[in-house]
Each structure stands twice: as C-alpha cells, then as structure tokens.
Engineer: 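Below: one structure in structure tokens.
Chain A is the first sequence line, chain B the second, and so forth, proteins listed ahead of strands; every chain is numbered from 1. Below, all heavy atoms of this structure are taken into account, side chains as well, without hydrogens, waters or symmetry copies.
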There are 2 protein chains.
Amino acid sequence: MEYRERILRFIEEIKTSCLPSVSMDFVVFGFHEGQLKVLLLKWQGVDTWMLPGGRVRMDENMEDAAYRSLRERTGLAEVFLQQFHTFGNVIRNTYYAMEETRTKLGFSAEDFEGLPHRDISVGFYALVEYTKVNPTPGLELALDPFTEQIQWCNVEEVPQLLFDHNEMIQVALKTLRRQLSYQPIGYTLLPDQFTMPQLQQLYETILGQRLDRRNFQKRMLSYGILERGEKFQNGGAYKAPYLYRFDREKYQQALAEERLLVV
Amino acid sequence: MEYRERILRFIEEIKTSCLPSVSMDFVVFGFHEGQLKVLLLKWQGVDTWMLPGGRVRMDENMEDAAYRSLRERTGLAEVFLQQFHTFGNVIRNTYYAMEETRTKLGFSAEDFEGLPHRDISVGFYALVEYTKVNPTPGLELALDPFTEQIQWCNVEEVPQLLFDHNEMIQVALKTLRRQLSYQPIGYTLLPDQFTMPQLQQLYETILGQRLDRRNFQKRMLSYGILERGEKFQNGGAYKAPYLYRFDREKYQQALAEERLLVV
DNA sequence: TCAAAAGTGTTTAGCATACACCCATGC
DNA sequence: GCATGGGTGTATGCTAAACACTTTTGA
C-alpha cells in the first residue's frame with residue numbers, strides 16, 4: 001500500500017528531522033475581485049479546516065524553514081513573509097487533533113507514536129499574488145500526505161478552524177492593518193502592473209474603510225516607489241487609468257533610509 | 001553530594017516536564033539613576049553572561065510560563081511582560097553551550113543526555129521597577145542550580161552574550177521604543193509615585209533623545225491616565241515638583257477604547 | 001450626449017513643534 | 001539674592017483631511 005508508506009515516511013521524517021513541539025502556521029493573504037482571501041487546507045478524513053503549517057528541520061534556521069514551507073505549499077519563492085506572533089496555549093494539542101485523522105485513515109496508535117503532543121506555533125503572515133498561486137494540492141501533496149484540499153477563502157467567511165487558527169487570522173489581520181497604515185507593503189498582493197484604483201481598493205479592503213481618491217494617490221506617490229507606465233484601457237466606459245509598477249529597488253533604498261517607517 | 005543531586009533533578013525536570021526545543025528568554029528592563037538597565041545572569045563555571053530564560057511545562061500556557069519564570073527570577077508578580085519576537089537560528093545550540101558548564105561542574109555526557117540540542121526561543125521583554133527587584137540569586141537558585149550570578153547591567157555596557165542574546169536586547173529595545181512612542185507603557189519602570197521630570201528622564205533615556213519639557217507634560221497629561229498628588233520636596237534648591245500616580249483603571253479603560261493606540 | 005470612472009489642485013483644520021517667562025527653594 | 005530646576009501658555013508650521021471640477025471613453 002503505497003499511500004500507507006508515504007504517511008509512515010512522513011511521520012518518520014517529522015519525528016527524526018524536525019524540532020519537536022515547534023511548528024509554524026501561515027496566514028497567506030491573497031486579493032481577488034475586491035476580496036481579501038486566506039489559504040485554508042483540510043486533512044484527509046477530517047471536516048475541520050486549518051491554516052497551512054510547517055516544521056523546522058534540525059539544522060535549519062526558522063526563517064528559512066518558513067520560506068521553504070511556504071514554497072512547498074504555494075510554489076511561490078518571492079513573497080512577503082513575516083512572523084507576527086507566537087502562540088503557546090495548551091489547547092494546541094497536536095496529538096489529539098491527529099487522532100481523528102489517524103483512525104479514519106486506518107492507522108494504529110503505534111504508527112503515530114513519538115509525534116509531538118503539543119506545539120508552540122510561530123505565526124507568519126504572507127502576502128502573495130493571488131493569480132500566481134495554484135491552490136490545488138500538487139507538489140505539496142507528495143510532502144504532506146495528510147492534505148486533502150487547499151482553498152482560498154474570503155477572510156469574512158472563514159469557518160471555525162482547528163485550535164486557535166481563527167485567532168491567528170485575526171491577529172495577522174491586525175498586524176497587516178497596522179503595517180499597511182505606515183509602510184507600503186500592499187504591492188506584493190497585486191500583479192506586477194496595477195492601476196491606482198486597484199491599489200486603493202486593496203487598501204480599502206484590508207483596512208475596512210473607504211479612502212479619499214485624491215489623498216490616497218498623493219500619499220502613494222509621495223513614497224516615491226511607484227513607477228508610472230502606459231495607460232490601460234480595460235474596455236470600461238470611462239477614462240483609462242495609468243498602470244503603475246512597484247519599484248523594488250527604490251523601496252529597499254527608502255526602507256534603508258527609514259523614510260517610509262513612520263515609527 | 002547535594003549539589004550534584006540538585007543539578008540532576010533539574011535536568012530531569014527539563015527533560016520530562018518541559019516542552020523540548022522551546023525556550024523563552026527575558027529582556028528585563030529596569031531604570032535607575034538615569035540609566036536603563038537589563039538583568040543578566042551567568043552560569044556556574046562559564047564566563048559568558050546571558051539573558052535569564054525559562055521553559056514551558058507540558059501542561060502550561062506559554063504566557064503563564066513566562067510570568068511564572070519571571071516571578072521565579074525576580075520575585076515580581078505584577079510586571080509589564082510582552083513577547084516581541086521569536087528567534088530560531090541554528091546558532092542557538094543549547095547543547096553545545098552547556099558542554100562547558102557540564103565539564104567544569106564535573107558531569108559526564110550521560111548525565112546531560114536527552115536535553116534539547118537546539119532551541120527556538122520566544123523573546124519577552126519586561127518592564128520592572130528597579131528597586132523592587134533583588135538581583136541576588138535567592139529563590140531562583142533553588143530552581144535553577146546553574147545560575148551563579150544575577151546582575152543589573154547598563155544597556156550601553158552589555159558585554160558579548162551567549163548566542164543571539166545581544167541581538168535580542170537590540171530588538172527588544174527597538175520594540176520598547178516604538179511602543180513607548182505611541183502608547184504610555186513607561187510607568188511600570190518607575191515607583192508608584194513619581195515626578196514629571198523623572199518620567200521625562202525615563203523617556204529620554206529609552207528613546208535616546210532630549211524632549212521638550214512643556215510638550216512632554218502636555219502629552220502625558222493628555223492621555224488622562226495620570227493622577228496628580230502632593231508636591232514633593234526632595235531637598236533640592238528649587239521648586240518642588242508634583243508627584244504623579246499612574247491610574248491603572250483609567251489606563252485599561254483608555255486601552256479598551258483604543259484612545260491611546262495611535263495606529 | 002450621457003453615465004461611469006479617472007485625473008488633478010487648493011483650502012482647512014488639527015496636532016506636534018518651537019519657544020520664554022515666572023515661581024519656589026536652599027545655600 | 002542667586003543659582004537651580006519646575007510650572008505653565010501661545011505662536012507657528014507642517015501634515016493629513018476635506019473637498020469639486022474636468023477629462024476620457026463606450027454605449
């Protein structure tokens with residue numbers, strides 16, 4: 001039974017090559033059709049959805065592990081990724097959570113023995129470009145045989161999740177809102193080229209409030225990290241907006257000079 | 001040999017009742033004679049200083065563990081305590097760091113076997129009232145038999161510490177500065193009653209810059225969480241300053257209304 | 001020619017900064 | 001009476017918010 005083998009090897013890998021009782025969870029934000037989305041996944045044989053997670057290998061820096069895990073899940077290498085809080089309540093009982101999956105998949109308690117019972121989890125949030133992520137379980141299925149489904153879900157419509165994962169999303173969102181209001185990190189949620197109204201819509205969605213067009217444009221341009229391109233006619237019965245492109249180099253430069261950080 | 005027993009029991013305790021590969025480190029700030037201080041400790045038989053740390057028990061929430069550990073170290077129950085970052089680089093090799101101590105104390109490798117080799121560490125920073133902390137190893141020595149000395153050290157004069165502990169202090173300081181500049185958390189570093197010039201000196205020390213007296217007072221009073229008391233004559237040849245008291249109730253109230261958070 | 005959405009500039013208000021004089025006290 | 005440090009109020013400037021008209025385009 002090949003599937004059984006994969007599960008057992010996966011468990012063995014966790015037990016032998018990963019730090020016990022430490023996990024990472026990812027709040028992956030995407031933006032599509034005016035909606036802020038998060039990536040959720042579901043295990044085999046369980047009805048509860050959860051955030052994608054990962055573990056730190058013995059010889060691996062945690063930050064590297066985070067990038068690796070996220071790459072394995074989304075296929076994306078260049079993303080905005082940042083830890084925002086570490087969660088350590090006892091309700092995070094990994095062992096208990098796995099019991100249901102284990103019995104439904106027909107494994108014995110011995111098969112799963114030696115796995116960490118309780119995890120401290122470092123929460124990361126990521127901003128990714130929606131269209132670049134293919135949320136069908138592909139590559140990562142080979143690495144995580146428990147995953148049955150991966151899906152985008154509107155932030156407002158997230159169901160009851162495993163453990164404290166709902167709280168994680170809320171804390172991530174709060175962090176995102178605060179960061180967004182004093183440094184321009186939203187660009188990574190949009191395609192390479194975007195219009196000012198698109199950017200504004202993104203900000204309005206994340207912050208949950210309407211913004212003034214003129215003031216918004218002024219502020220964005222004042223950072224000096226946007227490059228204006230051609231006009232873009234999408235077929236609407238109105239004036240064509242300009243396309244903008246986020247200039248990474250200027251952004252890094254500005255960050256280094258702490259011009260953007262209104263701390 | 002009683003001391004040997006205590007060490008062995010301590011190690012056993014870590015192995016059996018604490019989460020493996022998770023630790024906490026504390027940047028404990030105090031303020032005395034115009035200087036910002038941090039609490040440092042030194043292990044038996046090692047010359048390297050380090051931050052006080054702690055571990056999470058199997059059945060304990062991490063935040064509770066943090067308060068417990070800090071109480072064991074400082075004897076303080078009511079302090080400002082907050083996680084600020086989680087550190088996970090591979091240089092944090094606990095096992096290697098203990099080797100020196102182990103050999104100097106005359107223990108064999110077997111005695112120390114089964115201890116975590118590498119820790120992810122959750123960094124907390126605490127603001128305590130300097131005079132309320134007795135930094136001589138008392139209570140906590142019974143709990144942590146490795147500790148030889150605990151001492152306050154000026155933030156600017158911190159020597160090279162274990163692992164990434166110097167970086168931890170820097171990150172904690174940065175967090176403290178940012179928080180201080182948009183919410184009034186400094187009060188916990190001062191005695192119950194304090195004068196406005198004292199508070200200002202504290203702010204100036206933490207932020208590393210001089211502030212205008214008049215604007216400072218205006219800002220502090222505008223929060224509406226200070227209660228003015230009697231005048232205080234400390235014997236100086238000048239006008240007696242007022243004593244102020246921090247009103248916890250009003251502070252909580254203001255926090256709840258998010259009046260103080262200039263996010 | 002009309003509706004829908006985008007581009008743009010000026011006025012205004014509020015908050016943070018800058019700044020100076022008088023007062024209490026001990027020597 | 002003088003030096004030291006503390007208390008207080010006002011003027012100023014800058015940034016963020018408020019606000020309206022013109023332009024392009026497709027139907």
Engineer: Mind calculating the distance between CZ (Arg219(A)) and P (dA17(D)) to the nearest angstrom?
Structural biologist: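 Taking CZ of Arg219(A) and P of dA17(D), I get 8 Å after rounding.
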Engineer: Evaluate Arg92(A) against Asp25(A) for salt bridge (Lys or Arg N to Asp or Glu O under 4.0 Å), listing each step before the verdict.
Structural biologist: CA-CA 12 Å; Arg92(A) 337 191 80 267; Asp25(A) 286 297; 3.6 Å; yes
Engineer: Within the 4.0 Å limit for protein heavy atoms, which parts of nucleotides 19-27 of chain C are touched? Write it as a string from 5' to 3', B for base, S for sugar-phosphate only, - for none.
Structural biologist: BB--BBBS-
Engineer: Could you give the CG-to-P distance, from Leu207(B) to dT17(C), as a whole number of Å?
Structural biologist: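 Result: 12 Å.
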Engineer: Mind calculating the distance between CD (Gln201(A)) and C1' (dA4(C)) to the nearest angstrom?
Structural biologist: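 Those two atoms, CD and C1', are 16 Å apart.
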Engineer: When the distance from CD of Gln209(A) to P of dA18(D) is rounded to whole Å, what number comes out?
Structural biologist: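 In whole Å, dA18(D) P and Gln209(A) CD are 10 Å from each other.
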Engineer: May I have the distance from Arg210(A) (atom CZ) to dA17(D) (atom P), rounded to whole angstrom?
Structural biologist: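 About 16 Å, once rounded to whole Å.
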Engineer: Between His32(B) (side chain only) and Tyr130(B) (backbone N and O only), is there a donor and an acceptor less than 3.5 Å apart?
Structural biologist: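 A pair under 3.5 Å: no.
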Engineer: Is the backbone of Glu167(A) close enough, under 3.5 Å, to the side chain of Asp164(A) for a donor and an acceptor to pair up by distance?
Structural biologist: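 Pair absent, no side-chain N/O of Asp164(A) close to backbone of Glu167(A).
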Engineer: Do Arg228(A) and Tyr244(A) meet the cation-pi criteria used here (NZ or CZ under 6.0 Å from the six-membered ring centre, within 45° of the axis)?
Structural biologist: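 The answer is no; the distance or angle limit is not met.
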Engineer: Go through Gln149(B) and Gln151(B) one step at a time and tell me if the side-chain hydrogen bond (donor to acceptor under 3.5 Å, both in side chains) criterion holds.
Structural biologist: CA-CA 7 Å; Gln149(B) 278 185 65; Gln151(B) 245 174 48; 3.0 Å; yes
Engineer: In whole Å, what is the span from the OH atom of Tyr244(B) to the P atom of dG6(D)?
Structural biologist: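 The distance from OH of Tyr244(B) to P of dG6(D) comes to 12 Å, rounded to the nearest Å.
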Engineer: Rounding to a whole Å, what distance do you find between Leu199(A):CG and dA5(C):P?
Structural biologist: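 Value for this atom pair: 18 Å.
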Engineer: Just checking, is any N or O donor in the side chain of Glu249(A) or Gln253(A) under 3.5 Å from an acceptor N or O on the other one?
Structural biologist: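 Their side chains do not contain a donor-acceptor pair, so the 3.5 Å distance test is not met.
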Engineer: Please report, rounded to the nearest Å, how far the P atom of dA20(D) is from the CD atom of Gln217(A).
Structural biologist: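 Checked: the CD to P distance equals 19 Å.
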